[in-house]
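Here is how names work: the chains are called A, B, and so on, in the same order as the sequence lines, proteins then strands, and each is numbered from 1.
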Amino acid sequence: MLDQRFDPAEAEPRLYKAWEENGCFKPSGDTSAQAYSIVIPPPNVTGVLHMGHALNNTLQDVLIRFERMRGKNVLWQPGTDHAGIATQMVVERQMAESGENITRRDMGREAFVDRVWEWKEESGGAIVGQLKRLGASCDWSKEAFTMGDRNHPDNNMMRAVTKVFVELHKKGLIYRDKRLVNWDPHFQTAISDLEVDQREVPGHYWHLRYPLADGVTYMHPIKDEDGNTVETEMRDYIVVATSRPETMLGDTGVAVHPEDPRYAGLIGKFVELPIVGRRIPIIADEYADPDKGSGAVKITPAHDFNDFEVGKRAGHTPLNILNATAHIVDGEEADTAGIPAEYRGLDRFDARRKVVSAFEEAELLQEIENLKIEQPFGDRSNVVIEPWMTDQWYVDAKTMAKPAIAAVKEGKTKFVPENWEKTYFNWMENIQPWCVSRQLWWGHRIPAWYAPTIEQLESDQAYFPGKVFVAESEEDMLAQAREYYGSEIEVSVVDTGIGGAKIWGGGTSAGKASSANIARDPDVLDTWFSSALWPFSTQGWPDKTADLDTFFPTATLVTAFDIIFFWVARMMMMSLEFMGEVPFKDVYIHALVLDEKGQKMSKSKGNAMDPLELVDEYGADALRFTMGRMAGQGRNIRLSKQAVEGNRNFATKLWNAARFAEMNECGAPGEIDYDRVESPVNRWILSELSQCAAEVSKGIEDYKFNEAAGALYKFIWNTLCDWYLELIKPLLAGMDDAAKQETRMVCGYVLDESLKLLHPFMPFVTEELWERRAEGRAEAKGFLMHQSWPSTEPFTDEAAAEEINWVIDMITELRSLRNDLGVPAGSKLPLTLVNAGAEIENRAMSHEDVLKRLARLEDISMTDTTPEGAVTAVIGETMSALSVADIVDIDEARKRLDKELAQLDKDIKSTEGKLSNEKFVSRAPPEIVEENRERIRDWTTRREKLKAARKGLEGL
RNA sequence: GGGCGGUUAGCUCAGUGGUAGAGCACUACGUUGACAUCGUAGGGGUCACAAGUUCGAACCUUGUACCGCCCACCA
């Protein structure tokens, strides 16, 4: 006997364990079947399941369970991402909080990395357990990690990353370059453009006067509000504006537009840079916009991306004024830039204040403008990013993007919804070199080594970068080195163990002429570098494996749009380069999960909903179904607790339908022969079922999860429970054994088929019912999750549908009538059908039990003449008489008829108008015209009957 | 500055040319041994605005307004 209700808290862990222990998530291995694979977007190993994960993984699991039931050889590849900065951050924080009073630098690189591994093994990957609670049917035996397994240093994940780096380097697609990067002074590492957030913050423009050198003056025009020059003023200075005054310490020039008449005479002259006293030239460059600010712009090539380009054009050597922690430089660099002692070592913001007050004191501060400015912030550190000159490794993304663009253009990979292709193209066509080196310790170490060149060695010079060896292993590197140096020179590998890009900038003393010290690049690769290989590295690449053959390329990638650039684009590039194929056929981009007010959920806003709490409260099925029902294409999803509650109720509804089936001995018949089903109500539900099956399949195939889930909701609740189960009650309680047997069989069958259709969305409650409806069935036939997907062949019986729909309409209208006329809910009415005609009379008689039961009728009789002293109404097209005694509100009956007559008149009139329009009749498709004609005929008949009924009410 | 999307019932949203829909909320009534995590019935919308295309527009076109988001080096 089924319990009163489903208990997710008890059932879900039990069912999940059973699936897992029975290897249900593994591919079927049926090589004759089509392979279907999805790689999970690997959550950070530090991650905690949030709503985005819940949506993302629910949708993947729906696809996976659907295709598995359709008989494909299915793999859902799980795993986690080592998440360089995030993980290093977590462990460092933990160390700080533990009171050990030891920093990562105190520990040294090796010990720290060990510590991170320990953390990963002990407390990392909690999210995996959370995915299991959602019901994710990943093949956990294949769980992967972007850093591989430290106990097997030869693991393929490590080899894959190294191989890719080395080969790209060989092809010239990875190179070293010294240029401006986005430098994060908090983490002291370079980050990529994508890891920088532009945020609007309150700020200022300081308008600074730079005195002209050599006594030069010029006439500056003063304009009025309309832009007309009203007077001119003689100036011995030029005004520049900046939001970062401290950068003036590194200015190498002032640029004006070559055609700006105001400054034409100043080009080639110099300004005397305050504070540092350096003479810097006024140059002409089109970058200077005459309409912005004063039209003159200070140029700081070492600390601004635009200025870098301008400086390069003008032949200026960039002057670095900041160190890795964004303090003003000291020592040699400070000497070069002429930075006064009192500025050296200052924090950048202290330096800013000091610079501003120096200008103020010198009466060179023309104006301070208060406004909002866009500033770059590190997306993880939340500190202001500085453009900074460093040596880094870059991937030539521009070259690699070309095939990736073509593949989408050719339709080898499709975006769903399609409009995301635009976003993809826009990004790819304007792609910048991808900075892949990070000054961190946690990650894939760059397989590059630096050594002195032979010339440097001979002259005992400091070397940097010297000779660069890029190799898949230290042995390979040493082989290269021996070949390079010859047998005379001894080679030894040293590990400086110190991170930070600048270590190479200072120069390292060379070894003696007879021996060369070689040091490995201390930096690691951007986490996304290894994530980019995920679709093939997880299948064993670079080894040739059976899994790689079978499951690459994958079928579908399911992800949110915010990851298109970080991940999708890079997987495309890497797959095409190394596998010669796209990594996935479809990219389904789903919505973001927002709160009820449409705000992004975040911990800091305090509006984050915890998916696990919802699972605790309502069950995983309810949350999953909610996600499914809301996952249309494009839109954001606003999640509310109420919605989840409603879908929990849906699960309860299903559960109770199963209880009803159990009580009425509607068992599990297995396959049934549709042709032998006779009763219209049973034939009708079978046709409704087949339609539902088709809609669910189509919905999932087209990634219209909301349509699939909506069809299920409607079928199970509104069709199956509200009507079918009610309509068969008389049959199940009746004396006709044949009909009873047939109905039990069909009811049981439809319920089982519904469980299959619902399973991808609600795996737990359906699996539980599958087993509970026929004890031991799981053992005999296997789990529900391994059953075959229901047929989507249409089964229709129009006659049965028409008949049952007539019954449904009749009941609905009678119920509505009773309500409107104030008939007490408990009282049973006698119903008389007037001149109904043979077909209707037959229907009424064959469904008498159901009509009486569901419309609360005393009895049903037929007559040829309108009865005296009765209230008549029109139901469908049949005039029906009800005894006056039962009707509480005759006035309401009149009103009801009047209202309906008025509406009918209006409808008829407007449709007649349409039909009398010659253009409509001649140009509209004939079936539409006919539809309108028929409508008028029906309405007119009905109107006649309504009028007669209304007349009958006059005297009452 | 460029791009994308949105505007339909009180709320959250479906609905891509043929009589405006669902869930929740609301109102009334609850009887039938699957279900009160429920049932039955009901109220509620010039589909943001304007012009156009069409026999016919929530839907196609153009424009306007407002709201989101993404990308971009404005001193």
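Between B:U62 and B:G3, the distance separating the two P atoms is 13 Å to the nearest Å. The same atom, C1', is picked in B:U16 and in B:G21; the two are 16 Å apart, to the nearest Å. Straight-line distance between the C1' atoms of B:U19 and B:C59: roughly 16 Å, to the nearest whole Å. The separation of B:G23 from B:U8, taken at their C1' atoms, amounts to 15 Å, rounded to a whole angstrom. Rounded to whole Å, the P atom of B:C60 lies 10 Å from the corresponding atom of B:G6. Across B:G17 and B:U12, the matching P atoms stand 27 Å from one another, rounded to whole Å. Between the C1' atoms of B:A58 and B:A72, the separation comes to 35 Å (whole Å). When the C1' atom is compared between B:A9 and B:U46, the two are found 14 Å apart, to the nearest whole Å.
For the pair A:Arg209 and A:Tyr237, the distance from NZ or CZ to the six-membered ring centre is under 6.0 Å and the angle to the ring normal is within 45 degrees. Relative to the six-membered ring of A:Trp655, A:Arg5 misses at least one condition, a distance below 6.0 Å or an angle of at most 45° to the axis.
For the pair A:Val240 and A:Arg5, both in contact range of RNA chain B, the more 5′-proximal nearest nucleotide belongs to A:Arg5. Map A:Lys298 and A:Val196 each onto its nearest nucleotide of RNA chain B; the residue landing nearer the 5' end is A:Val196.
Applying the Watson-Crick and G-U wobble criteria (two distances, each under 3.5 Å), B:A57 pairs with nothing in any strand. B:G23 and B:C11 make up a base pair, with Watson-Crick or G-U wobble contacts both under 3.5 Å. Pairing for B:U32 is absent, judged as Watson-Crick or G-U wobble with the two contacts each under 3.5 Å. Nucleotide B:A50 has B:U62 as its partner under the Watson-Crick or G-U criteria, with both atom distances under 3.5 Å. B:G5 is paired with B:C67 under the Watson-Crick or G-U wobble criterion, all donor-acceptor distances under 3.5 Å.
For A:Arg853 against B:U32, a side-chain-to-base donor-acceptor contact under 3.5 Å is absent. Between the side chain of A:Lys653 and the base of B:C35 there is at least one donor-acceptor pair of N/O atoms closer than 3.5 Å.
Counting only N and O atoms by type, the side chains of A:Arg629 and A:Asn647 include a donor and acceptor under 3.5 Å apart. For A:Asp907 and A:Gln903, the side-chain atoms include at least one donor-acceptor pair closer than 3.5 Å. Looking at A:Glu369 and A:His207, their side chains do bring a donor and an acceptor atom within 3.5 Å of each other. Side chains of A:Thr911 and A:Lys909: a donor-acceptor N/O pair is absent below 3.5 angstrom, by distance only. Side-chain polar atoms of A:Glu195 and A:Ser192 form a donor-acceptor pair below 3.5 angstrom.
The side-chain hydrogen bond (donor to acceptor under 3.5 Å, both in side chains) test applied to A:Asp193 returns A:Asn182, not counting sequence neighbours. Under the rule for a salt bridge (charged side-chain N to carboxylate O under 4.0 Å, His left out), A:Arg815 has no partner lying at least two apart in sequence or in another chain.
A:Asp905 places its CG atom 21 Å from the P atom of B:U19, with the value rounded to the nearest Å. With rounding to whole Å, A:Trp427 atom CH2 is found 14 Å from B:C70 atom P. Rounded to whole Å, atom C1' of B:C13 lies 16 Å from atom NZ of A:Lys704. With rounding to whole Å, A:Phe920 atom CZ is found 12 Å from B:G17 atom C1'. Per the geometry, CD belonging to A:Glu662 stands 14 Å off C1' belonging to B:C35, to the nearest Å. Rounded to a whole Å, the CZ atom of A:Arg199 is 17 Å from the C1' atom of B:C71. Between A:Leu720 atom CG and B:C38 atom C1' the separation is 16 Å, expressed in whole Å. Nucleotide B:U32 holds its C1' atom 13 Å from the CG atom of A:Asp849, rounded to whole Å.
Close to B:U19, at under 4.0 Å from its OP1 or OP2, lies no side-chain N or O of A:Lys914. One finds a side-chain N or O of A:Lys422 lying less than 4.0 angstrom from the OP1 or OP2 phosphate oxygen of B:C4. Neither OP1 nor OP2 of B:U40 sits under 4.0 Å from any side-chain N or O of A:Arg818.
At a threshold of 4.0 angstrom between heavy atoms, the contacts of A:Ala651 with the nucleic acid are absent. Note on A:Phe565: only backbone sugar-phosphate atoms sit closer than 4.0 angstrom, heavy atoms only; bases stay farther off. Contact annotation for A:Ser910: no contact, since no heavy-atom pair falls under 4.0 Å across all strands. Across all strands, A:Asp289 comes closer than 4.0 Å to base atoms (heavy-atom distances). Within the 4.0 angstrom heavy-atom criterion, no nucleotide atom of any strand lies near A:Lys714.
One finds the CG atom of A:Asp307 at 8.0 Å from the CG atom of A:Asp251 (value rounded to the nearest 0.5 Å).
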In 5'-to-3' order, the base (B), backbone-only (S) or no-contact (-) status of each nucleotide in nucleotides 22-27 of chain B, using a 4.0 angstrom heavy-atom cut-off, is --SS--
Using atom types as modelled, flag every donor-acceptor pair under 3.5 Å from a side chain in residues 711-723 of chain A to any protein atom, sequence neighbours excluded.
residue	atom	partner	partner atom	Å
A:Asn718	ND2	A:Asp722	OD2	3.4

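The salt bridge (Lys or Arg N to Asp or Glu O under 4.0 Å) contacts involving residues 818-829 of chain A comprise A:Asp820-A:Arg896, where partners must be two or more places apart or lie in separate chains.
With hydrogens and angles disregarded, a donor-acceptor distance shorter than 3.5 Å links the side chain of A:Arg773 to the backbone of A:Cys666.
Counting only heavy atoms from C-beta on, A:Glu726 has its side chain closest to B:A34 among B:A34, B:G15, B:U19. Ranking B:C73, B:A14, B:C4 by closeness to the A:Tyr287 side chain, first place goes to B:C73.
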Please tabulate, one pair per line, each protein N/O and nucleotide N/O from nucleotides 41-43 of chain B that are separated by under 3.5 Å, including the distance.
residue	atom	partner	partner atom	Å
B:A41	O4'	A:Asn819	ND2	3.3
B:G42	OP1	A:Ser816	OG	3.2

